[in-house]
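Here's the structure, in structure tokens; my notes come after.
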Amino acid sequence: MVPVKTALDILAVLTGILGTAPLFPYLGMIPRFIFPAALVFVSFCTWKGLPPLRGWRATVLTGIFFVYYALQFSRDNVVEPAANLLVALLSIRLAGEKIPRNYLQIYALSLFALAASSAFSLSGVFLLYLVLLLLSIAVSLVLLTFFAVDSRLTLTRRGMRRVALVAVAMPAASVPLILLFFIILPRPQLPLWDFLAPSGEKTAGLSERVEPGSASNVGEAASPVLRAQSRKLSSGDLYWRGVVLNMPRGNAWVRSDVAEGEPRPPKAVAMIRQTVFPETTGSPYLVALDVPWSVSGARLEKSSDLVFRKRGASGGRLKYDTASSVRSSIETGGGIDRKFYLKLPERLSPRVLALGRSIAERGGTDRERLSLLEGYFHSAGFRYAKRDLPKAVDPIDEFLFEKKAGNCEYFASSFALLLRTAGIPSRLVGGYYGGEFNELGGYYLVTESMAHVWVEVFLEGAGWVRRDPSTFAAGFSGGGESGRQGLMGKARLIADTFSYYWNQAVIAYDLDKQFRLVNATGSALRKLSFPYGLREAVLALLVPGVALAVFFAWRFRRWDSREERMVRKFLRSVVKRHPRIAVTPSTGLLELADVTGDADIRRFADVRYGALYRDRRLTERELAVLEGIVRAMKQAQ
Amino acid sequence: MSLPKRDEMLHVIETLTGRYLRGKIRAVKLSMIALLSGGHILLEDIPGLGKTTLALALSGVLGMTFGRLQCTSDLLPSDITGLSIFNREEGKFTFLRGPVFNNLVLVDEINRAMPKTQSALLEAMEERRVTVEGVTYQLPSPFLVIATQNPAEQVGTYPLPESQMDRFLIRTGVGYPPVDIEKAIIKGGSIRDRIRDLTPLVGLDDIVEARKAVKERVLLSEKIVGYIFSIVAATRNHPFILTGISTRGGINLAEAAQAHAYLEGRDFVIPEDVKAVALPVGAHRLILRPEHEALDKEDLFQSVLKNIEIPMV
């Protein structure tokens, strides 16, 4: 035996958790604390049999939270206070005593909390939470109807199971409707909150400015940047080109526009074609596997240094196709502006300058100097590090001669600077290095933690050649690429595959696609043509067919008489009026009248039996009397 | 529309149950139904619950002649039917009528009589006549047998074979009266003496007329016939039942339902009439499969009834 109240309480907690969980990472400190506290509190009270939070205490707490978050509320800060307040209210409701109204409030608040999570993120996990939440609420609502009638009701395990099954069947029945609405309803393609207030917020990763020494630690966010549908490649080739930084300015490298001849793709090299699904980030650059020769499928502008930039407002989720060739140099058509690529920052430490000069003196050609510099990087004992980075007035100097530890930004910046001091044109390329190949989905997953910077060197006769000085360092593992093994790794893999398909099928399904679908359907219908004579033949078959169907329906369908309809209506009213009486086909009307003591039923039975079991039809008057009784019963309800 | 003699019959029932046989409404009513539809009744209950009193009271108030048989294993058929004795004065055999030549015959503990005697009695019940030494004597009309048997005692009994159970229209128990009424009965003492002083409320003619009314005036519609048939058919197809209700059982069910409708004051039978008499009329006719013999026949029959739809159209 299971008391309905216990089941409802458990489901209420479950509902609250399901509603809050997707929102949790975005919550403030207070709701993050009080939500679990409320759960602990209510479990403790139930366990000890203590009364929960009630009456004025709950009201006062509600008031305090409301005022607190209302004060934070502003035009630029709408969603966060609202989400925090929602979870705070939900926590109070969960901790408080529960009458049917409170349960309903919990369900509503949980749904709102889940909805609020979509203002922060459009992850596919939303679907999972939504389905679970709807199931939980459906079961709860059915149980709540029991609870409202008798709060101390208990159900057997079997009864409970049946209630749950029926309740679960209800949302299941609405699935076709959900699919229909999915196809026809308009939708935004970005998280709602981004839509309302486009934020320039960006985590570590691809940026238009590489400035070693700006931070002592580099954060690592494993959030996905892009997924590229591709065949599996050698892991050393996974350089994803984003932006080229060609101008040192102060301690930083920035991008400056450059006019050069269009580079020519090499002939007789197999192109690797990929379809890239980028996550929405603030970056305007389209990332593609190095060396990308062409990017198509989005409105973009292409620079001569093979940087692809989105054109227009960054609206909507997009995908683009790329064609790249790995391990090839970028041959420029008309040479390069050597002066431009040899520019040095205004202020350069003498030690760096001296090192560059010495290399220039020792090497005769650019190639020799390059190998000399590489040899220096090899032998100097650099260490790859992400923490405790050099952070001085001149971080490059400190990195090269003092600490000898840094991340890719230090390696690439110093390498490029030394190249330039040695008289070799060079530039920085920002992008990503590595990638996790998803065997299930057949795509590479690139995350923010794989952000990387390397160097391109211009060599006469070869063009721009990629050199990654970070690989000379001890302890360089290569971006975030790692073989995550074991159960957790597999689970992550599956979750990411789901997320991939979710983005492709659900999030990327936008207004544009809806229009295309409508157009395609319309044109397909218009184009529908029959060969000569078929249309006539179909018509000739269809008309008699329909006529025949109508005839058979009329002939064989037992049309309900007025009498039968009336009896059915009467039985329905009886069931409504006496819900505890079992009305089965083997129950007589007079029996019903005896059991219920209902005068209306007795009158009805007398009149109807008088005709039915005398083998005659009801007279018009009797029929009118009976219908009058049925009407009166209906009105009395 | 009033049915002839119905008021008198109801008056009889009221008188009996109100003053003499308190707490035995069901048994009295069923006895009246048996009487009106021309069947016989088997009271199956432990001794001392007023079976005999019931029979005595009925005979007294109905103005019927009364005969009584106390069955023992050495009771002979001739003890029931009567026998011819040589009359010396007239120089020929004259037939001395046995107790069966009465309107109402109480056969006490019928299962103690040996099968030969039982079958003689049951034959008389069915045929309503007795043939002794080649001469056939008509039994009086109306003719009602009230047989009793004690289900608890088994030693020295000859249980009635199923074929003979079928001859009783109704088998029922009497049951203990409700607590208050039983207390009053205990306080008041036996009413045997008062019963002897009962004056008949109706005459034989009234009963005959009422019977006629039941047969002719109470309509048995096609739908009810169909309903009864589906009950009978359901008992024949039931997996627990070896032999279901016979055609005679079906006829009896219809007759009893008619009598019930008559007592209710209706000139047509409704399914509720059939249901009201179905258990006492039908249950004892069922023969269960050996593996299900432990089941209560009335419960089983009740469950069969529950699955039969009432004709509503």
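Proteins come first, then strands; the chains are lettered A, B, ... in the order of their sequence lines, and each starts at number 1.
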Do Y613(A) and I224(B) come within less than 4.5 Å of each other through their side chains, counting heavy atoms only? yes
Go through the atoms of L220(B) and report whether side chain, backbone, both or neither lie under 4.5 Å from a heavy atom of chain A. neither
Using a 6.0 Å cut-off, check whether atom CZ of R248(B) has over 12 heavy atoms from anything other than its own residue. yes
Tell me, yes or no, whether the heavy-atom count around R19(B) atom CZ, taken from other residues, nucleotides or ligands under 6.0 Å, exceeds 12. no
Segment of E222(B) engaging chain A (4.5 angstrom heavy-atom cut-off): both
Check each of L219(B), V269(B), I270(B) against R614(A) using the side-chain contact (heavy atoms from CB on, under 4.5 Å) test, and report the only one that passes. L219(B)
Is the number of heavy atoms from other residues, nucleotides or ligands under 6.0 Å of K297(B) NZ greater than 12? yes
Taking the side chain as every heavy atom from C-beta outward, state whether K306(B) and T584(A) have any atom pair closer than 4.5 Å. no
Partners meeting ring-ring contact (aromatic ring centres under 6.0 Å, His included) with Y20(B) (sequence neighbours left out): none
Side chain, backbone, both or neither: which part of I308(B) has a heavy atom under 4.5 Å from chain A? backbone
Would you say NZ of K5(A) has more than 12 non-hydrogen atoms from neighbouring residues, nucleotides or ligands within 6.0 angstrom? yes
Heavy-atom check, side chain of E272(B) versus side chain of Y609(A), under 4.5 Å: yes
H292(B), NE2: over 12 other non-hydrogen atoms inside 6.0 angstrom: yes
Sub-4.5 Å heavy-atom contacts with chain B: which residues of residues 586-594 of chain A show up? S586(A), T587(A), G588(A), L589(A), L590(A), E591(A)
Does R617(A) CZ have over 12 foreign heavy atoms under 6.0 Å away? no
